[in-house]
Amino acid sequence: MDEEITEVINNLEKDKATGPDGISNEMIQRGGKSMRNSIIRMMEKIYSTEEIPEEWQTAYIKNTYKGKGSKKLMDNYRGLILNPHLSKMFEKIIEKKEHEKLQDMSEYQCGARKGKSTREHHFTIRTIKEVAKEDKEDITAVYFDIKKCFDKMRPKETMKELWLKGIKGKHWRLIYKLNMDNTLIPITDLGECEPIKVKEMIKQGSVLGSVISAITIDSLTRIMNKQKTWSIGDIKINPLLFQDDIFAANKTKDIQETVNVIQTFQNLKRLQFHEEKSKKSILNGKRDEPIYI
């Protein structure tokens with residue numbers, strides 16, 4: 001484990017905001033051999049005992065404007081969580097050990113994937129439109145925006161998905177404990193506010209948070225594989241997943257069935273779609289069916 005921790009330390013990003021403990025990446029990197037050895041001993045003990053330090057469960061939370069819409073509406077802000085860098089280092093070690101399983105998602109999920117980008121999905125959407133026009137198929141698409149995905153996502157559901165991926169035992173328990181019994185300290189331009197206790201959550205801004213979220217949303221593919229969807233040749237056109245956004249296309253006469261399945265998935269995972277941002281679009285044809293979301 002020494003080499004893994006040393007590699008993580010050497011690759012720490014610079015100029016990153018610190019958590020409540022005030023320890024920066026630069027301090028960790030420039031602390032010398034003595035600090036490095038102390039960190040290695042601490043990480044090894046935590047890994048062995050599975051006891052997470054209380055300091056690692058305390059983080060800042062700051063509202064950050066998304067860059068779109070009115071700045072007066074809270075829906076246009078996201079809560080950015082500033083976790084202690086030492087806890088993020090520990091997460092990176094688990095991520096390295098479970099890299100293959102954490103990246104084992106369907107081809108329909110492009111979020112939190114090494115070597116994949118949204119450009120592939122954009123190309124797929126363009127291809128869908130071209131094939132639909134060539135085959136004279138009436139095709140309708142629905143775009144779903146999940147409202148405050150990290151806030152709504154239930155850790156028990158996400159942990160179940162990790163278990164199904166084969167992440168079990170020590171690493172499963174450590175990931176769960178890292179997301180339990182958290183204290184969030186809101187920070188504003190006027191300073192710190194009263195701390196908020198959160199029993200369990202998937203922390204936005206953590207190393208594993210985005211990939212855990214992507215894996216959970218990717219479980220929709222497992223459900224859709226059992227449903228009737230449009231195919232191009234032998235390729236099944238399941239909903240395309242952009243991390244926590246969903247693009248679903250189907251024959252216009254069948255699109256409501258697809259929407260119903262996605263809504264069932266939403267209810268199972270206790271998520272919530274953003275009504276104003278979830279939209280319908282006719283990709284080809286003039287036929288327009290009413291869709292109920």
Side-chain angles (χ1 to χ4, degrees), residues 66-69 75-76 78 105-113 115-153 157 161 210-211 213-293:
K66 293 180 180 179
K68 293 186 291 184
D75 279 351
N76 296 326
R78 64 164 55 90
M105 289 179 258
S106 76
E107 61 185 327
Y108 300 100
Q109 176 61 279
C110 71
R113 304 288 301 280
K116 287 186 74 72
S117 73
T118 58
R119 284 178 295 183
E120 296 175 37
H121 279 1
H122 291 146
F123 178 77
T124 299
I125 293 170
R126 190 171 67 183
T127 301
I128 288 172
K129 294 174 71 174
E130 290 174 355
V131 171
K133 187 175 182 180
E134 185 178 321
D135 293 348
K136 298 180 180 179
E137 288 277 12
D138 290 339
I139 301 295
T140 297
V142 180
Y143 171 79
F144 298 88
D145 180 271
I146 299 177
K147 189 175 183 179
K148 299 190 180 299
C149 184
F150 278 86
D151 296 342
K152 303 291 183 182
M153 195 166 284
E157 285 294 328
E161 293 301 329
S210 60
V211 70
S213 166
I215 286 172
T216 303
I217 301 302
D218 188 55
S219 65
L220 171 64
T221 301
R222 190 170 65 242
I223 299 172
M224 293 303 304
N225 282 337
K226 302 175 184 177
Q227 307 299 319
K228 178 184 177 182
T229 58
W230 182 44
S231 296
I232 298 177
D234 296 328
I235 302 173
K236 193 176 178 71
I237 307 300
N238 278 342
L240 303 178
L241 311 174
F242 297 79
Q243 180 75 25
D244 54 5
D245 293 327
I246 301 170
F247 174 91
N250 204 344
K251 293 180 180 180
T252 300
K253 64 183 180 67
D254 297 324
I255 189 64
Q256 186 63 58
E257 291 181 38
T258 300
V259 169
N260 292 344
V261 172
I262 294 173
Q263 285 188 307
T264 300
F265 170 79
Q266 170 202 224
N267 295 331
L268 286 171
K269 299 300 180 185
R270 306 291 178 91
L271 301 172
Q272 183 181 351
F273 294 135
H274 203 299
E275 293 182 11
E276 294 180 1
K277 296 180 180 178
S278 296
K279 300 183 182 298
K280 180 186 76 170
S281 174
I282 297 174
L283 297 188
N284 192 64
K286 297 181 179 179
R287 181 178 173 180
D288 187 8
E289 293 281 348
I291 296 175
Y292 304 99
I293 303 174

Stepwise side-chain contact (heavy atoms from CB on, under 4.5 Å) check, Lys253 with Asp138: CA-CA 8 Å; Lys253 64 183 180 67; Asp138 290 339; over 6 Å; no
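Expressed to the nearest 0.5 Å, how far CG of Asn225 lies from CG of Asn238 amounts to 5.0 Å. The distance from the OG1 atom of Thr258 to the CD atom of Gln263 is 11.5 Å, given to the nearest 0.5 Å. From Asn250, atom CG reaches atom CD1 of Ile139 across 6.5 Å, with rounding to the nearest 0.5 Å. Atom NZ of Lys147 is separated from atom CG of Leu271 by 13.0 Å, given to the nearest 0.5 angstrom. Here the CZ atom belonging to Phe265 is positioned 7.5 Å from the OG1 atom belonging to Thr216, to the nearest 0.5 angstrom. Here the OG1 atom belonging to Thr221 is positioned 12.5 Å from the NZ atom belonging to Lys226, to the nearest 0.5 angstrom.
In this structure, Cys110 and Ser117 approach most closely via the heavy-atom pair CB-O, 3.9 Å. In plain terms, the two heavy atoms of Phe144 and Ala248 that are nearest each other are CE1-CB, 4.4 Å. When every heavy atom of Ser106 is checked against every heavy atom of Arg113, the shortest pair comes out as O-NH1, 2.9 Å. Scanning all heavy atoms of the two residues, the minimum distance from Thr140 to Lys280 falls at CG2-CG, 3.6 Å. Closest heavy-atom contact between Ile217 and Asp244: CG1-CA, 4.1 Å.
Residues Asn260 and Gln256 bring a donor and an acceptor atom of their side chains to less than 3.5 Å of each other.
Not one N or O on the side chain of Ser210 forms a donor-acceptor pair closer than 3.5 Å with the backbone of Ala112. In this structure, Gln109 contributes its side chain and Gln243 its backbone to a donor-acceptor pair below 3.5 Å. In this structure a side-chain-to-backbone donor-acceptor pair under 3.5 Å is present from Gln266 to Phe273.
Between Glu161 and Arg222, the closest side-chain pair of non-hydrogen atoms falls below 4.5 Å. Leu220 has its side chain within reach of Ile262: a pair of non-hydrogen atoms, C-beta onward, lies under 4.5 Å apart. Contact check for Val142 versus Lys279: no side-chain heavy atoms found under the 4.5 Å cut-off.
Aromatic rings of Phe247 and His121 (six-membered ring for Trp) have centroids beyond the 6.0 Å cut-off, not under it. Ring to ring, His274 and Tyr143 are not that close: their centroids are 6.0 angstrom or more apart.
With sequence neighbours excluded, the residues that form a side-chain contact (heavy atoms from CB on, under 4.5 Å) with Glu157 are Arg154, Lys160, Lys269.
In the displayed structure, Lys66 atom NZ is contacted under 6.0 Å by more than 12 heavy atoms of other residues, nucleotides or ligands.
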Side chains of residues 123-135: which donor-acceptor partners sit under 3.5 Å, not counting sequence neighbours?
{"unit_1": "Thr124", "atom_1": "OG1", "unit_2": "Glu120", "atom_2": "O", "d": "3.0"}
{"unit_1": "Thr127", "atom_1": "OG1", "unit_2": "Phe123", "atom_2": "O", "d": "2.9"}

